[in-house]
Structures are given as structure tokens and as C-alpha cells.
Amino acid sequence: MDFKELATKRFSVRRYTNEPVSKVDIEYIMECVRLAPSAHNFQPWKFLLITSEEAKAKIRQCYNRPWFAQAPMYVLAMKNTNGCWVRPEDNKPHGDIDLGIAVEHLCLAAADRGLGTCWVCNYDVAAVKRLFPVEGFEAVAIIPIGHISPDCPHPEKVRKDIHEIVEEI
């Protein structure tokens, strides 16, 4: 499929089967993440692959939604709090931007493999810090990954008209 088809295909999946994600698929997805660009190539990220039953029970304490508990695995996306590029002119750190690019690579790579994801940011921050402490890193998003359940709602994408977001000058 071409890129537009892939971008159209990807949606926020909130219903998964219990089929595990294959090691081959995980390696493919994470290799796509590894290839993501970042400001000055700092790659200010770390990704925790949450696959053990113990770790999954912990991450489920951080976002208590029934659909979230269905996912067979999760990725905790973290940014290096001191290792991102900072624009000198205005001291704008680019860690969140860089990590956002990498997470979208993750979501699109998963969609390319026929898997579903959902970018979760509204989690219990204190619980994540307590349960998944990584020195020098801050959790930014939790991404459940899994096979999409056949009965998963898939609403049509609603986006602004192109003329509302693009201006030629």
C-alpha cells in the first residue's frame, strides 16, 4: 500500500484479540522506530516493551480502562530529559517533538503489519513514575499494540478541510 493508504488505515484501536504480537512483528516495528529522525540525531528516547504478565499488570494500574487491559503488549515511550537537542535561539527543547516522530513511526509500522495501536497520554503520571522508574527519562506515552478485534469500532476519520490547515503564501 502507498503511504496515504497506510495513514488512512491507521486509527486508534480500542479493542484487541488475545493473540500475542509475534517477535518478528515487534522487531520490525522497533526497527522502524529506530530509524525515526530526531533533531541533531540525538535520538533522545527509550522504549520499554511491556510483555511480561507482571509488567502488564503494573501498566494497567496506570490507565484503568477495560479496553486498555485487552492489549497483549504495551510500549512505554520515554524521552531523555537531559539528552535532547535544545534550540539555542530560544532554548526550546525538542525531546517531545523527536519522541512524537518516533511514536508515530511505531504506530504506522504496526498498522503496516496489520496491528492496532492507540496513543495513550492521559494516564496516571505518578503511578508510571513509581512503577517504571528510569533514571534520566520521562514517560510521555503508553502505546498498546495488538491484533485488532473484528468487532473493534472503526469510525470514519474526521479531519479539518485541507484549506483550513494549509495556506500558500
Side-chain angles (χ1 to χ4, degrees), residues 1-17 19-56 58-60 62-63 65 67-87 92-123 125 127-129 131-149 152 154 157:
M1 83 182 86
D2 67 25
F3 186 76
K4 185 178 174 192
E5 288 175 285
L6 180 62
T8 302
K9 178 182 175 182
R10 190 249 169 243
F11 70 103
S12 294
V13 173
R14 291 185 176 89
R15 197 167 294 154
Y16 301 92
T17 71
E19 182 182 348
V21 178
S22 75
K23 183 140 181 78
V24 170
D25 284 341
I26 293 169
E27 289 170 356
Y28 174 83
I29 292 165
M30 297 316 296
E31 178 63 11
C32 291
V33 169
R34 190 183 72 80
L35 295 171
S38 61
H40 286 259
N41 199 30
F42 275 37
Q43 303 168 55
W45 47 59
K46 183 180 290 281
F47 297 89
L48 302 184
L49 303 182
I50 299 173
T51 58
S52 74
E53 291 306 315
E54 179 185 347
K56 289 191 289 187
K58 286 170 38 174
I59 200 70
R60 290 170 181 157
C62 303
Y63 189 68
R65 304 292 190 284
W67 69 266
F68 185 75
Q70 297 172 349
M73 73 169 288
Y74 306 86
V75 175
L76 183 56
M78 307 183 92
K79 77 171 176 187
N80 186 327
T81 54
N82 297 313
C84 68
W85 181 74
V86 177
R87 186 169 52 208
K92 178 174 182 52
H94 277 250
D96 285 331
I97 295 165
D98 292 341
L99 186 60
I101 295 166
V103 170
E104 191 57 13
H105 270 56
L106 185 155
C107 292
L108 290 170
D112 186 42
R113 298 300 265 210
L115 299 167
T117 59
C118 186
W119 191 313
V120 175
C121 295
N122 187 25
Y123 53 82
V125 173
V128 170
K129 283 181 183 179
L131 296 169
F132 299 94
V134 178
E135 184 67 33
F137 286 84
E138 173 190 340
V140 175
I142 305 168
I143 301 90
I145 301 176
H147 294 271
I148 304 166
S149 177
C152 181
H154 184 172
K157 286 187 188 257

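Panel note: side chain Thr81, backbone Glu138; no donor-acceptor pair is recorded below 3.5 Å. With hydrogens and angles ignored, the 3.5 Å screen pairs a side-chain donor or acceptor of Lys56 with a backbone N or O of Pro72. Counting only distance, with no hydrogens or angles, the side chain of Asp98 and the backbone of Pro44 share no donor-acceptor pair below 3.5 Å. Remark: side-chain polar atoms of Ser38 are paired, donor with acceptor, to backbone N or O of Gln43 under 3.5 angstrom.
Cys32 SG to Asp112 CG: the interatomic distance, rounded to the nearest 0.5 Å, is 7.0 Å.
Taking the charged nitrogens against the carboxylate oxygens, Lys9 and Glu5 have no contact shorter than 4.0 Å, which rules out a salt bridge. The pair Lys79-Asp96 meets the salt-bridge criterion, with a side-chain N (NZ, NE, NH1 or NH2) lying under 4.0 Å from an Asp/Glu carboxylate O.
Within the 4.5 Å cutoff, the side chain of Val75 has heavy atoms near those of the Leu49 side chain. No side-chain heavy atom of Val103 sits less than 4.5 Å from a side-chain heavy atom of Trp45. A 4.5 Å side-chain heavy-atom check between Ile148 and Leu115 finds every atom pair outside the cut-off. Within the 4.5 Å cutoff, side-chain heavy atoms of Phe11 are placed close to those of Cys152. The shortest side-chain heavy-atom distance between Ile29 and His105 does not fall under the 4.5 Å cut-off. Side chains of Thr117 and Pro144 form no contact here, defined as non-hydrogen atoms less than 4.5 Å apart. Contact annotation: the side chain of Phe47 never approaches that of Met78 to less than 4.5 Å [non-hydrogen atoms, C-beta and beyond]. Using a 4.5 Å heavy-atom threshold, the side chains of Leu76 and Lys46 count as separate.
By the 6.0 Å contact criterion, NZ on Lys4 is open, its count of non-hydrogen atoms from other residues, nucleotides or ligands being 12 or less. The 12-atom threshold is not exceeded at CD of Glu54, counting heavy atoms of other residues, nucleotides or ligands nearer than 6.0 Å. By the 6.0 Å contact criterion, NZ on Lys58 is enclosed, its count of non-hydrogen atoms from other residues, nucleotides or ligands being greater than 12.
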Assess whether side chain to side chain contact (heavy atoms under 4.5 Å, CB included) is satisfied between Leu106 and Met30, documenting all intermediate values.
-> CA-CA 7 Å; Leu106 185 155; Met30 297 316 296; 4.3 Å; yes
Go through the steps to decide whether Ile59 and Tyr123 satisfy the test side chain to side chain contact (heavy atoms under 4.5 Å, CB included), and finish with yes or no.
-> CA-CA 10 Å; Ile59 200 70; Tyr123 53 82; over 6 Å; no
Please step through side chain to side chain contact (heavy atoms under 4.5 Å, CB included) for the pair Tyr16 and Ile145, ending with a clear verdict.
-> CA-CA 8 Å; Tyr16 301 92; Ile145 301 176; 6.0 Å; no
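Cation-pi check for Arg14 over Trp67 is met; the charged atom lies under 6.0 angstrom from the ring centroid and within 45 degrees of its normal. At least one test fails for Arg60 against the ring of Phe68: distance under 6.0 Å to the centre or angle within 45° of the axis.
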